[in-house]
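Every heavy atom of this structure was used, including side-chain atoms; hydrogens, water molecules and symmetry mates were not. Just so it is clear: chains get the letters A, B, ... in the order the sequence lines come, proteins before strands, and each one is counted from 1. It should be emphasised that the depicted structure is a prediction, and the values quoted were computed from it without experimental measurement.
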There are 2 protein chains.
Amino acid sequence: MEILDKEEILKQFPQLEQPLMDELLKQSTLKTIEAGDEVMRTGQYIKSTILLLSGLLKVYREDDEGNEFLMYYLEPGNACALSMMCTARNEKSQIMAKAVTDVEVLLVPSHLSEMWLGKYKSWHNFVIASYRQRFEELLQTLDSIAFKGLDERLLFYLKRHVKVSGKEVRLSHQQIADELNSSREVISRLLKKLEQTGAITLHRNYLEVHDLEIV
Amino acid sequence: MEILDKEEILKQFPQLEQPLMDELLKQSTLKTIEAGDEVMRTGQYIKSTILLLSGLLKVYREDDEGNEFLMYYLEPGNACALSMMCTARNEKSQIMAKAVTDVEVLLVPSHLSEMWLGKYKSWHNFVIASYRQRFEELLQTLDSIAFKGLDERLLFYLKRHVKVSGKEVRLSHQQIADELNSSREVISRLLKKLEQTGAITLHRNYLEVHDLEIV
DNA sequence: CTTCCTCTGTGACAAGAGTCACTGTACTCC
DNA sequence: GGAGTACAGTGACTCTTGTCACAGAGGAAG
């Protein structure tokens with residue numbers, strides 16, 4: 001286990017009170033995860049609360065036929081709400097979390113996380129706030145699926161992607177299609193249309209976003 | 001304000017500890033809501049946590065064009081997770097809660113609910129458990145929208161409806177269509193098919209469910 | 001009984017999205 | 001430079017869902 005850089009951690013979680021930070025530094029473990037690796041899947045027993053220090057995680061849903069769709073991204077400073085509330089789920093569909101880039105996480109043993117809820121007000125607030133944020137993001141995703149056509153969903157997806165990792169979207173059409181639970185051809189066509197409006201420029205294996213609001 | 005029937009309330013929320021129950025009885029207000037009335041809409045400032053004592057609430061999403069879809073039902077013993085985490089939301093789409101039947105709710109002022117989180121372990125657990133349940137239900141809804149065709153979504157919807165209010169589904173095709181964000185004609189056709197398999201029987205203004213598993 | 005209104009059933013058509021087949025294009029590795 | 005491979009573009013077709021138009025059917029109220 002590497003030595004925790006206190007300053008670094010504090011910077012990501014400034015809302016946590018001092019004594020809690022001390023415990024956190026002492027009791028949690030730092031883990032590095034390579035881009036592309038799976039961080040979590042429901043059904044598996046989750047024994048830790050996950051705090052994200054650096055990098056980018058995507059949380060998505062996968063059904064029994066291998067279809068998937070993106071729920072939301074987690075950025076540094078976020079906690080994985082699901083890791084806090086993972087009950088024994090034995091349904092067919094799963095929630096998965098995967099590292100988009102290399103990622104550093106802090107693992108807090110569940111029993112501690114549980115205990116801190118009563119002990120530290122700031123931890124408690126942090127946990128509740130995490131639930132809220134995830135709930136809201138999930139609702140946005142739900143909205144876009146329920147009310148919007150694929151063209152608007154694609155826009156929503158691109159906007160979100162730009163927000164977490166910049167205007168260079170380094171994804172193939174196939175990858176985008178997967179995350180929207182659609183098919184490559186359809187995404188290709190829609191992207192082409194977007195390019196024609198001038199909103200984006202297409203390249204091999206990536207695309208540049210110029211302005212998604214003009215559409 | 002009516003007098004709270006302690007026994008009744010205890011029965012719905014047996015997991016709450018005694019001193020908390022006492023405070024709850026003293027500090028919260030009972031409110032009766034008529035079938036069809038709106039309980040809540042986001043954006044509006046929510047000043048209370050809502051506990052459901054009797055009746056049935058539906059929680060649904062509505063977008064700016066009046067489209068809607070059902071998120072989940074709340075039954076007696078449930079709390080409205082949203083009333084606990086309503087931040088100032090000023091987006092276009094809204095979460096709405098409406099009474100399906102006549103409903104009795106207990107209103108807990110937000111500042112108390114907040115305080116109890118630290119004070120009573122059982123309250124804290126109850127709140128966390130509520131979040132979890134709603135999150136899970138929302139995920140199921142999301143799944144059915146993202147992965148399933150309308151036929152399967154209709155089945156899922158009917159099953160859920162049967163679970164909360166029995167095998168007589170007293171809804172017009174139009175109402176069902178609304179809750180699935182679809183159109184009457186399509187729902188009519190799908191229901192007809194279901195009737196042909198023997199899973200349900202159609203009537204004017206209601207339908208009987210026999211067995212939804214056989215489909 | 002008659003009128004009126006809401007709910008339901010149905011056929012025809014349109015639009016969106018998925019699938020298939022095939023072509024072209026850029027990059028990588030010998 | 002040439003072969004192989006993953007990615008991207010495109011047309012044709014199908015299926016599902018939504019829309020429009022209209023016809024019955026059942027209830028309610030007079």
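- Mapping A/K148 and B/V186 onto DNA chain C by nearest heavy atom places B/V186 at the nucleotide closer to the 5' end.
- Between A/L191 and A/L154 there is a side-chain heavy-atom pair separated by less than 4.5 Å.
- Listed by first then second residue, pairs satisfying salt bridge (Lys or Arg N to Asp or Glu O under 4.0 Å) with a partner in residues 200-212 of chain A number zero, not counting sequence neighbours.
- The span of DNA chain C lying next to chain B, judged by atoms under 4.0 Å from heavy atoms, is bounded 5' to 3' by C/dT6 to C/dA12.
- By the ring pair (Phe, Tyr, Trp, His ring centres under 6.0 Å) test, A/H210 pairs with no residue at all, sequence neighbours left out.
- For A/Y73, the ring pair (Phe, Tyr, Trp, His ring centres under 6.0 Å) partners are A/H161, not counting sequence neighbours.
- A heavy-atom distance below 4.0 Å to DNA chain C is reached by these residues of residues 191-202 of chain B, ordered by number: B/K192, B/L202.
- Residues passing the ring pair (Phe, Tyr, Trp, His ring centres under 6.0 Å) test with B/F156, sequence neighbours excluded: none.
- A heavy-atom distance below 4.5 Å is not found between the side chains of B/T32 and B/D102.
- In the helix from C/dC1-D/dG30 to C/dC30-D/dG1, the end axes, each obtained as the rotation axis mapping the C1' atoms of four pairs onto the next four within a five-pair block, lie 30° apart to the nearest 10 degrees.
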Can you list the steps and then say if A/T141 with A/R160 is a side chain to side chain donor-acceptor pair (under 3.5 Å)? CA-CA 10 Å; A/T141 303; A/R160 185 135 76 169; 2.8 Å; yes

At under 4.0 Å between heavy atoms, how does the protein contact nucleotides 21-30 of chain D? Give one character per nucleotide, 5' to 3', with B, S or -. B---BB----

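- Against DNA chain D, the stretch residues 169-182 of chain A makes heavy-atom approaches under 4.0 Å through A/S172, A/H173.
- Contacts classified as salt bridge (Lys or Arg N to Asp or Glu O under 4.0 Å) and involving residues 185-194 of chain A (residues at least two apart or in different chains) are given here: A/K192-A/E195.
- Using a distance-only test at 3.5 Å, with no hydrogens or angles considered, a donor-acceptor pair links the side chain of A/Q175 to the main chain of A/S172.
- In this structure a side-chain-to-backbone donor-acceptor pair under 3.5 Å is present from B/N181 to A/A146.
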From CA spacing to verdict: side-chain contact (heavy atoms from CB on, under 4.5 Å), B/H124, A/L117: CA-CA 9 Å; B/H124 168 261; A/L117 284 171; 3.3 Å; yes

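- Scored by the salt bridge (charged side-chain N to carboxylate O under 4.0 Å, His left out) test, A/R170 finds A/E168 as partners (sequence neighbours excluded).
- With sequence neighbours excluded, no residue forms a ring pair (Phe, Tyr, Trp, His ring centres under 6.0 Å) with B/Y72.
- Between B/F126 and B/W123, the ring-plane angle classifies as tilted under the 30° and 60° cut-offs.
- Atom CG in B/D151 sits roughly 11 Å away from atom C1' in D/dT17 (whole-Å rounding).
- In this structure, B/M96 and B/E68 have side chains that are not in contact, with every pair of non-hydrogen atoms separated by 4.5 Å or more.
- In this entry the distance linking CD1 of B/I187 with C1' of D/dT19 reads 14 Å, nearest Å.
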